[in-house]
Amino acid sequence: MEETKKLLGSVTISPKIIEEVKTQVKDIEAFKNKIKEYSTQNVTELLDVILYGAITLNTSDVHIEPQEEEARLRIRLDGILQDVVFFQHDAYHHLLSRLKLLSKLKLNIADKPQDGRFTIMVADLLIEVRTSSLPAEYGESIVMRILNPKSLISLEDLGLREDLYKTFQKEITKPNGMIIVTGPTGSGKTTTLYAFLKKIQNPEIKIITIEDPIEYHLTGVSQTQVAPEKGYDFSDGLRSIVRQDPDVILVGEIRDLETAKIALQASLTGHLVLSTLHTNDAAGTIPRLVDLGVEPSSVASGLKMAVAQRLLRKVCKECSTLAKPSTSELAELKKGLKDLPKNIKIPDLDKVKVAKIKEGGCQACNFTGYRGRQGLFEAFLVDSGMEKFILTNPPVSDIRELAIKKGMVTMYQSGLIDIAEGKTTFDEVARVVEADEEQQVEKI
């Protein structure tokens, strides 16, 4: 960890700012006021306020965007971007220089994208920040992704239904095979994979990860980071990892044929392999691997479980209420949940009450009506029947149909269950789950 600090640069938040932000910044409005208070101070203190305020509010990303007359600061809370404050260009340029210096970005380059990172030191906690700069019309747009170790949660805290929890627990304790988690950027894939590792980690097994970049440091896990500029990519790293006698291998992302082939081969030779892939749903995992050039026979024999996920905002407990669903809402719940497998427990839909958020929210939820997020999942296992089916190189729609026949609960249906349990709203499920998901459920 000492080496990391030396390489990346670090920020130690001053005790004075920590105390002020802790006691005064409870919502975005208070954050805005605190930034304004420090906007005429030196740039180091201003950046401390921005960083520690963002951490206090559980922000995942901070955006600083230059516009024609001023610069805008936005933060992403529970997956949604929200305006905080507007800066004069002078303050923006000072912040830009400070961030580029900290992140080891070249100060004299403004016409090319750059990526860097630095570490925030708060008491005994080290928080990594990934920085990205992008040339824009009125200057460089900066985005900081805050990788707070406190975001790492256990398998029990992912918000899994009982059936999914049992399935995941069973599959991740198997000695070999590949488990792939899919979804867009920011859907919580890494959090889920790390939750898997935390669940199975013990002194009797060796876990090695290869990532781009290492997002969180895990005690007792060997982690390596790809460096394409030095000719060290996922496939090179994976070849070396296999020779390190691991029991479990985490591959940050499968991007090419070589990585996919080595990972699947490792899964067939006594290793549990965990990885991610960019697809829209769980069924898309198989055609995506085939599109990369993997033989269907390798996919069929190596892949054991495909998971797709999104992050769903939960209603604020302070200001939301429960009420009887409207006629159309009840009809939607009954239609979407009518063919669920018998082992899935859901509330009695004739007695169900759904969450209604208060317009304008409250201070506790930053006036959004939602507070916190949980995973929304769909998953299927590759059993002998699915294995034989994969060998025919079927399209996504057919794989999806077979997975549903074998008991897969779709993400849309999972969202409806969360609505029936009063955890979220119809609007939120519609925002997160793709529009065609609903039609697919209706067709089957």
Side-chain angles (χ1 to χ4, degrees), residues 155 158 160-161 163-174 176-185 187-193 195-196 248-255 259-261 263-268 271-311 341 375-414 433-434 437 440-441 444:
L155 192 63
L158 284 179
L160 297 168
R161 287 192 317 273
D163 61 293
L164 272 179
Y165 177 80
K166 287 179 179 175
T167 300
F168 286 5
Q169 190 174 32
K170 183 180 177 183
E171 293 304 309
I172 63 177
T173 52
K174 288 184 176 177
N176 54 51
M178 178 182 273
I179 296 171
I180 290 183
V181 180
T182 75
T185 302
S187 59
K189 300 186 296 295
T190 301
T191 300
T192 297
L193 289 181
F196 289 170
V248 180
I249 303 169
L250 186 151
V251 184
E253 186 183 344
I254 292 176
R255 298 175 180 170
T259 306
K261 283 170 70 175
L264 281 163
Q265 187 59 39
S267 75
L268 293 168
H271 307 89
L272 176 65
V273 180
L274 309 174
S275 192
T276 71
L277 201 62
H278 283 282
T279 66
N280 289 329
D281 55 16
T285 303
I286 293 160
R288 175 72 183 126
L289 289 170
V290 173
D291 286 346
L292 285 174
V294 181
E295 289 294 324
S297 56
S298 297
V299 179
S301 52
L303 184 66
K304 297 304 176 192
M305 180 169 70
V307 182
Q309 77 171 82
R310 301 289 188 275
L311 289 175
L376 185 66
F377 299 90
E378 66 179 22
F380 68 86
L381 301 176
V382 179
D383 59 10
S384 57
M386 183 64 80
E387 241 184 272
K388 290 173 186 171
F389 191 55
I390 291 170
L391 295 175
T392 67
N393 200 9
V396 175
S397 55
D398 289 357
I399 297 169
R400 181 180 180 79
E401 190 170 345
L402 179 60
I404 290 171
K405 282 179 182 173
K406 287 179 171 290
M408 181 179 83
V409 178
T410 69
M411 273 189 288
Y412 177 67
Q413 290 175 313
S414 297
V433 182
E434 293 187 12
E437 176 91 44
Q440 287 170 337
V441 172
I444 292 166

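Remember, predicted model here, so these are calculated numbers, not experimental data.
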Here the pair of heavy atoms bringing A300 nearest to V382 is O-CG1, 3.8 Å
Where A266 and V273 come nearest, the two heavy atoms and their spacing: CB-CG2, 4.0 Å
Mind checking the CG-CD1 spacing from D398 to I286? Nearest 0.5 Å is all I need. 11.5 Å
To the nearest 0.5 angstrom, please state how far the CG atom of L292 sits from the CZ atom of R288. 4.5 Å
Sub-4.5 Å side-chain heavy-atom contact between I399 and P287: yes
Verify whether one side chain among S301 and E387 offers a donor that lies under 3.5 Å from an acceptor in the other. no
Of the non-hydrogen atoms in I172 and Q169, which two are nearest, and what is the gap between them? CG1-O, 3.6 Å
Would a 4.5 Å heavy-atom cut-off, applied to side chains only, mark T182 and H278 as touching? no
With a 4.5 Å limit on heavy-atom distance, are the side chains of V248 and H271 in contact? no
With distance as the sole test, does S267 use its side chain to make a donor-acceptor pair with the main-chain N or O of L272 at under 3.5 Å? no
When you measure from the side chain of E378 to the backbone of A282, do you find a donor-acceptor pair of N or O atoms at a distance under 3.5 Å? yes
Rounding to 0.5 Å, atoms CD1 (I180) and CG (L303) come to a distance of 5.5 Å
Side chain to side chain contact (heavy atoms under 4.5 Å, CB included) between F380 and L402, worked out: CA-CA 10 Å; F380 68 86; L402 179 60; over 6 Å; no
Please report the shortest heavy-atom distance between L311 and G188, naming the atom on each side. CD1-N, 4.0 Å
Which heavy atom of V294 sits nearest to which heavy atom of A260, and what is that distance? CG2-CB, 3.6 Å
For T276 and T190: C-alpha separation, side-chain torsions, deciding distance, then whether side chain to side chain contact (heavy atoms under 4.5 Å, CB included) applies. CA-CA 8 Å; T276 71; T190 301; 5.5 Å; no
CE of M178 to CD1 of I254: how many Å apart, nearest 0.5 Å? 4.0 Å
Return the CG to CD distance between L164 and Q309, rounded to the nearest 0.5 Å. 11.0 Å
Heavy atoms, side chains only, cut-off 4.5 Å: are E171 and I179 in contact? yes
d(M305 CE, T285 OG1) to nearest 0.5 Å is 11.0 Å
Does atom NZ of K304 have more than 12 heavy-atom neighbours, drawn from other residues, nucleotides or ligands, at distances under 6.0 Å? yes
Can you confirm whether D383 sits close enough to K406 that some side-chain heavy atom of one is under 4.5 Å from a side-chain heavy atom of the other? yes
How close do R310 and G183 get, heavy atom to heavy atom, and via which atoms? NH1-CA, 3.9 Å
pair L268-N176: side-chain heavy atoms closer than 4.5 Å: no
Before you tell me yes or no, could you show the steps for V181 and F196 under side chain to side chain contact (heavy atoms under 4.5 Å, CB included), namely the whole-Å CA-CA distance, both residues' side-chain angles and the distance that decides it to 0.1 Å? CA-CA 11 Å; V181 180; F196 289 170; 4.3 Å; yes
Please lay out, stage by stage, how L277 and E253 fare under the test side chain to side chain contact (heavy atoms under 4.5 Å, CB included). CA-CA 6 Å; L277 201 62; E253 186 183 344; over 6 Å; no
Can you tell if the side chain of R400 reaches within under 4.5 Å of the side chain of T410, non-hydrogen atoms only? yes
Does some side-chain heavy atom of P341 sit less than 4.5 Å from a side-chain heavy atom of M408? no
Judged by atom type as modelled, is there a donor-acceptor pair below 3.5 Å linking the side chain of S414 to the main-chain atoms of F377? yes
Is the number of heavy atoms from other residues, nucleotides or ligands within 6.0 Å of NZ (K166) greater than 12? no
